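One structure is given below, encoded as structure tokens.
Since we're looking at a predicted model, the values are computed, not measured. Order of the sequence lines fixes the chain letters, A, B, ..., with proteins taken first and strands second; residue numbering starts at 1 for each chain.
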There are 2 protein chains.
Amino acid sequence: MTISENKTSLCSGNICPCQEKCPLSAALEIIGGKWKIPILCALYNDGPTRYNALRKKIKGVTNTMLASSLKELEADGLILRTQYNEMPLRVEYELTKNTNRLIPILGSLSAWGKDIKN
Amino acid sequence: MTISENKTSLCSGNICPCQEKCPLSAALEIIGGKWKIPILCALYNDGPTRYNALRKKIKGVTNTMLASSLKELEADGLILRTQYNEMPLRVEYELTKNTNRLIPILGSLSAWGKDIKN
DNA sequence: TATAGTACCAACCTAAATGCTTGTAAACTA
DNA sequence: TAGTTTACAAGCATTTAGGTTGGTACTATA
């Protein structure tokens with residue numbers, strides 16, 4: 001019945017639609033939400049950036065959303081938080097190596113999203 | 001001030017974080033939501049599939065969600081709906097060419113999502 | 001002492017996404 | 001003619017994401 005073809009697996013062994021989390025859905029959840037991509041893009045474009053500088057660059061974001069999104073991105077290993085105990089306090093955020101491997105994939109997605117509009 | 005480097009642009013001209021929609025965010029919105037990826041995976045794995053077959057394969061999906069997700073995917077050009085006026089009515093859904101170009105990108109995302117867990 | 005800057009947190013509320021239940025049309029089948 | 005199957009749709013409830021407001025702790029500078 002089921003013919004085993006040499007297709008690219010989207011779920012690495014598990015067949016989607018899966019009950020347990022597949023890595024694809026996991027990845028999309030990590031970068032999902034309204035502010036994650038703008039944050040990643042800002043850090044990608046400008047390198048290490050301070051909290052308030054991010055607030056100014058990302059139009060419309062609130063303290064609540066920026067702080068919680070940064071926390072989640074840090075917990076997921078996508079960004080690195082470095083605190084300098086100066087006065088006043090300085091905190092810088094930057095992309096990690098994991099995220100740099102993600103960038104070209106997002107680039108492809110962006111190109112696909114551009115094409116599909118035509 | 002701004003040094004023009006030869007980085008991959010994620011937003012094709014516009015600099016994220018952007019006020020207007022960038023193609024990357026557009027792409028993520030199209031494939032976002034709880035059921036879009038399971039639907040695409042099911043159609044990718046099994047080819048043209050009927051409505052009720054999708055319901056059985058995708059565990060936990062409701063009629064409301066399946067019907068509305070299919071409609072959105074069709075409106076966005078990701079799936080093709082074909083109706084056969086037999087008795088009883090038969091409707092089949094399948095991926096379009098646009099979606100087939102998306103598959104390898106999702107494969108990369110999946111691989112990245114798998115790696116990041118370690 | 002007063003003011004201002006930095007990096008956040010917490011409580012509350014709204015709006016959007018998702019879920020549940022029931023209903024319907026069309027056409028065969030017994 | 002009643003029942004069955006298929007592919008949905010409408011209405012309402014619930015859950016979750018996101019937004020608003022206001023505040024904290026620390027320290028420097030005037």
Side-chain angles (χ1 to χ4, degrees), chain A residues 17-19 21 25-40 42-43 46-76 78-94, chain B residues 16-19 21 25-40 42-43 46 48-76 78-94:
Chain A
C18 35
Q19 287 185 295
K21 284 277 161 62
S25 296
L28 285 172
E29 270 182 29
I30 288 175
I31 62 174
K34 195 171 177 182
W35 302 107
K36 301 281 185 73
I37 290 296
I39 290 171
L40 294 179
L43 296 180
D46 303 336
T49 309
R50 301 179 64 173
Y51 181 89
N52 275 342
L54 279 174
R55 274 205 62 188
K56 275 165 205 159
K57 262 173 221 163
I58 301 172
K59 286 165 191 167
V61 74
T62 60
N63 272 331
T64 314
M65 282 294 101
L66 181 55
S68 71
S69 299
L70 287 171
K71 236 183 185 177
E72 286 177 25
L73 286 172
E74 197 198 355
D76 288 329
L78 294 214
I79 63 174
L80 186 69
R81 192 193 113 113
T82 312
Q83 181 171 330
Y84 301 91
N85 288 316
E86 306 170 352
M87 48 286 177
L89 179 64
R90 179 161 65 101
V91 176
E92 280 188 353
Y93 294 92
E94 62 190 308
Chain B
C16 235
C18 34
Q19 287 186 294
K21 283 278 162 61
S25 296
L28 285 171
E29 270 181 29
I30 288 175
I31 61 173
K34 195 171 176 182
W35 302 106
K36 301 282 184 71
I37 291 295
I39 291 171
L40 294 179
L43 296 179
D46 302 336
T49 309
R50 302 179 65 173
Y51 182 88
N52 275 341
L54 280 175
R55 274 205 63 188
K56 275 165 205 159
K57 261 174 220 163
I58 302 172
K59 286 165 191 167
V61 74
T62 61
N63 272 331
T64 314
M65 282 294 101
L66 181 55
S68 72
S69 298
L70 286 171
K71 240 184 184 176
E72 286 178 24
L73 286 171
E74 197 198 355
D76 289 328
L78 295 213
I79 62 174
L80 186 70
R81 190 193 115 113
T82 311
Q83 179 171 332
Y84 301 91
N85 289 316
E86 306 171 351
M87 49 291 175
L89 179 63
R90 180 160 64 100
V91 176
E92 282 188 352
Y93 295 91
E94 62 190 309

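- If you check D/dT27, D/dA7, D/dC8 against the side chain of B/Tyr93, the one that comes closest is D/dC8.
- Going from atom CE of A/Met87 over to atom P of D/dT29 covers 8 Å, rounded to whole Å.
- Rounded to whole Å, atom P of D/dC8 lies 12 Å from atom CZ of B/Arg55.
- Rounded to the nearest 0.5 angstrom, B/Ile31 CD1 and B/Ile37 CD1 are separated by 4.5 Å.
- As rounded to whole Å, 12 Å separates atom P of C/dA26 from atom CG of B/Asn85.
- The B/Thr62 side chain lies nearest to C/dC20 when the options are D/dA7, C/dC20, C/dA7.
- In this structure, B/Leu70 atom CG and D/dT6 atom P are separated by 16 Å, rounded to whole Å.
- Between the NZ atom of B/Lys71 and the P atom of C/dA17 there is a distance of 16 Å, rounded to whole Å.
- Distances shorter than 4.0 Å separate some side-chain N or O of B/Arg50 from OP1 or OP2 on D/dA7.
- Out of D/dA7, C/dC9, D/dA9, the shortest distance to the side chain of B/Ala67 is found at D/dA9.
- Within 4.0 Å (heavy atoms only), B/Tyr84 reaches no atom of the nucleic acid at all.
- Of the candidate nucleotides C/dA7, D/dG19, C/dT18, C/dT18 has the atom lying nearest to any side-chain atom of B/Lys34.
- Regarding B/Leu66, its CG atom lies at a distance of 16 Å from the C1' atom of C/dA17, rounded to whole Å.
- Side-chain atoms of B/Trp35 lie closest to C/dT18 of the nucleotides D/dC8, C/dT18, C/dC8.
- Note that OG of B/Ser69 and CD1 of B/Ile39 are 4.5 Å apart. Values are rounded to the nearest 0.5 Å.
- Under 3.5 Å, the side chain of B/Thr64 and the base of C/dC20 form at least one donor-acceptor pair of N or O atoms.
- At whole-Å resolution of the value, CG in B/Asn63 and P in D/dT5 are 15 Å apart.
- Residue B/Pro88 has its side chain nearest to D/dT5 when only C/dC9, D/dT5, C/dA7 are considered.
- Rounded to whole Å, atom P of D/dT14 lies 16 Å from atom CE of B/Met65.
- Of the possible polar contacts, none joining the A/Thr82 side chain to the A/Leu80 backbone as a donor-acceptor pair under 3.5 Å is found.
- Between A/Glu94 and A/Arg81 there is no salt bridge, since no side-chain nitrogen of the basic residue lies less than 4.0 Å from a carboxylate oxygen of the acidic one.
- One finds the NZ atom of A/Lys36 at 10.0 Å from the CG atom of A/Leu70 (value rounded to the nearest 0.5 Å).
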